[in-house]
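Down below is the structure, laid out as structure tokens.
Both counts, for ligands and for their atoms, begin at 1 and track the order of listing. For clarity, every value in this text was computed on a predicted model and none was experimentally measured.
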Amino acid sequence: MILPMYIFGQPVLRKVAEEVEEGTPKLKELIQNMFETLRKSEGVGLAAPQVGLSMRLFIVDLDCLSEDHPEYKGYLKTFINPEIVEESEEEVSYEEGCLSVPGIHENVKRPKRVLVNYLDEDFKEHEEWFDDFPARVIQHENDHLDGKMFIDHLGPLRKQMLKSKLVAMTKNKFSASYKCKPNK
Ligand code: NI
């Protein structure tokens with residue numbers, strides 16, 4: 001089932017999400033629906049608050065890039081109650097976008113590598129280093145669980161330049177190729 005995307009202006013995107021408890025009903029179904037929604041909207045990561053759920057859960061699908069990047073074949077990961085426990089001092093800048101902020105793409109500086117502790121869809125614990133592109137996607141999605149968005153990382157000048165576009169978004173004046181939940 002395709003879930004409607006919550007767009008900038010929706011309060012749930014600014015909330016600190018709740019920990020997910022083992023045995024949460026229909027969790028696997030939700031994860032399945034999130035993967036389906038992400039695939040349809042041609043994104044690489046999706047956090048639960050983006051579909052209106054204040055839960056510490058996000059998914060990453062890099063398999064969609066595997067035609068050009070064979071190393072990402074089958075790269076579908078679920079992160080439940082994730083925690084970034086260590087990050088590299090080295091930072092890299094790379095262009096980001098967000099399904100909840102349609103039409104805006106900006107360079108964001110982030111640590112190049114992160115050590116992440118998380119539970120997978122079976123509540124099995126992992127602690128793993130991620131580098132480069134996967135590290136970037138994970139940091140972007142993890143921010144969503146703390147009510148943060150990539151635009152928060154921009155400098156004051158860039159923020160000022162995007163302001164009118166963001167205000168328009170809160171009034172449902174934007175275009176997206178996927179189903180969105182209207183802002184009130
Ligand atoms: Ni995002």
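V92 and F150 fall into different hydrophobic clusters, defined by Ile, Leu, Val, Met, Phe, Trp and Tyr side-chain heavy atoms under 4.5 Å apart, directly or through other members.
Here the protein contributes C98 SG, H140 NE2, H144 NE2 as N, O or S atoms under 2.8 Å from the Ni ion (ligand 1).
Counting side-chain heavy-atom gaps under 4.5 Å among Ile, Leu, Val, Met, Phe, Trp and Tyr, the cluster of Y94 also holds V44, F58, V60, L62, L65, Y72, Y75, F79, I84, V114, V116, Y118, F130, F133, V137, I138, L145.
Exactly one of E128, H126, E125 qualifies for a side-chain hydrogen bond (donor to acceptor under 3.5 Å, both in side chains) with N117. That residue is E125. Screening E87, E96, E95, E89 for a salt bridge (charged side-chain N to carboxylate O under 4.0 Å, His left out) involving R110 leaves a single residue, E96.
Between the side chain of S100 and the backbone N or O of Q50, no donor-acceptor pair lies under 3.5 Å.
Of the charged side-chain nitrogens involved, none lies within less than 4.0 Å of a carboxylate oxygen, so that K77 and D63 do not count as a salt-bridged pair.
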